[in-house]
Amino acid sequence: MHRTASDPSPDSPSAGKESGASDDYRIAILGGGHLGRAFVAGLIRSGMEAYRIRIGEPDATRQLSLERDYGVVALADNRDVVEQADVVLVAVRPTALAAVLPPLQGSWGTRRRLLVSLAAGAMITHLRQWIPGSVTVARAMPNLAVELGQGVIALYIPDPVAKVDRMLLEGLFGRLGRLFWLREESLLNVVTALSGSGPAYFFYFMEQLETAAHALGMERDMARALILGTGAGSMALAQEAKGAFQTLREQVTSPGGTTAAALTHLAQPDFSDSIVAAVRAAYERTRDLVDPQSETNP
Ligand SMILES: NC(=O)c1ccc[n+]([C@@H]2O[C@H](COP(=O)([O-])OP(=O)(O)OC[C@H]3O[C@@H](n4cnc5c(N)ncnc54)[C@H](OP(=O)(O)O)[C@@H]3O)[C@@H](O)[C@H]2O)c1
C-alpha cells in the first residue's frame, strides 16, 4: 500500500488522548456481537466511564452479559440508544445495515452527530441513503485487538472534516489502538483484508505450529507457551528494527542450519501464492458483503 494517511502520517499514527473536542461525548454502539463487545471492553479498559456507552443489541442474553461485565446500558431498541449519543458506531453485519439504519430516521434530531460504520464493504454512498445530511458519516476498519487497546484502526471520512470531529475521532479510536487516516475509501477494502481479518491469519499459523510441535511429542500447553513467546518476541524485534521483514528473516537463517531447513518448505511459490490468494479473496469478498444473498456464506 502506498502512503495514504494524511494527518497524521501512517508512520506516526495518532495515539491516545482526547483533546480539544468535548471529552464527555456519549457513544452508541449498534450491535453487541464480537466487534461491538470488543469495543465496549476496550473503551472501559481505557478508563472510559460506563455511563457514556449504550449498546443496541437484540439478543437478551448478550444484553445482560454486556451490562453485567461492563456496567453499560444495553437495549433492544436502537432508537433509545441513538437518541442520547454524539457518536454512533455501527457494528452490525453489512447485510443488517438496511434493517438497522432506516428505522433511525426520526432519532437523529438536529444536534451535531457522527456516525462511524465499522461494517466491511459498505460504502459511504450506500450508508448515506439512510442518514440525514446533518449527521457526519465516516467509516472505520478496526480489528479485534481493540479489546486490549492494541487494535489497528483505519479511518476514512470524506472532506470536509470539521476539526472538532477529527479530534473527537482521534481521541476515541486512540483509546483502542493505532489509528491511520486513509485518503481513499477504496483502501478500506485492502485494510479489511489485511488488518481486519489479519488476526485470524496469525492465529491459523499458530494453530499449525502447535499441531507440528505436538506431532513431534510436545505437550500442547508447552507448545502454546513457546509459540506465544516467539510471536511476542518476533513482533518486538520487528518493531525495534523497523527494517524489511526479509532482512529480519535472513538474520534468523544461518546457511545450512535448522531455520534454512524449515524455509525450504515455507519459502515455496505455493505458500506465498496461498497468502497472496488469501488476502485477495478477503479483499474481493468485501465487494459483495452488503448483498443479503451473501449471508448464507459469510
Ligand atoms: N469481527 C471482527 O473481527 C471485525 C473486524 C472488523 C470489522 N468487523 C465488522 O463489524 C461488524 C460486526 O461484526 P461481528 O463479527 O461483530 O458480527 P457479529 O458477531 O455477528 O455481531 C453483530 C451483532 O449485531 C447484532 N444485530 C443484528 N441485528 C441488529 C439490529 N437490528 N440492531 C442491533 N444489533 C443487531 C447481532 O445480533 P444477532 O446475532 O442476534 O443477529 C450481533 O450481536 C461487521 O459489519 C464486520 O464487517 C468485524
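In listed order, ligands and their atoms are each counted from 1.
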### Message
Only heavy atoms of M141, strictly under 4.0 Å: list the atoms of ligand 1 that pass.
### Response
6 (C), 7 (C)
## Note on the structure
Looking only at non-hydrogen atoms, the one of V92, L144, T61 nearest atom 3 (O) of ligand 1 is L144
### Query
Heavy-atom contact under 4.0 Å between A99 and ligand 1?
no
### Query
Taking only residues at least two apart or on different chains, which pairs with a member in residues 140-158 satisfy side chain to side chain donor-acceptor pair (under 3.5 Å)?
none
### Query
Is it true that a side-chain atom of R52 and a backbone atom of V72 form a donor plus acceptor pair closer than 3.5 Å?
no
#### Entry: Which of the ligand 1 atoms, numbered from 1, are nearer than 4.0 Å to a heavy atom of L118
7 (C), 8 (N), 9 (C), 10 (O)
### Atom indices of ligand 1, in the order listed, that fall short of 4.0 Å to a heavy atom of R62
36 (C), 37 (O), 38 (P), 39 (O), 40 (O), 42 (C), 43 (O)
### Query
Going by the atom numbers of ligand 1, which of them fall below 4.0 Å from some non-hydrogen atom of P142?
5 (C), 6 (C)
### Query
Would you say atom 41 (O) of ligand 1 has a protein heavy atom nearer than 4.0 Å?
no
### Summary
For P94, the atoms of ligand 1 under 4.0 Å from one of its heavy atoms are 44 (C), 45 (O)
### Message
Donor-acceptor pair, distance only, cut-off 3.5 Å: does the side chain of E57 make one with the backbone of L30?
### Response
no
### Task
Run down the list T95, V100, D59, L66 and name the one with the heavy atom closest to atom 30 (C) of ligand 1.
V100
## Note on the structure
Under 4.0 Å from one or more heavy atoms of A91, ligand 1 contributes atoms 11 (C), 12 (C), 22 (C)
### Query
Atoms of ligand 1 less than 4.0 Å from N78 heavy atoms?
30 (C), 31 (N), 32 (N), 33 (C)
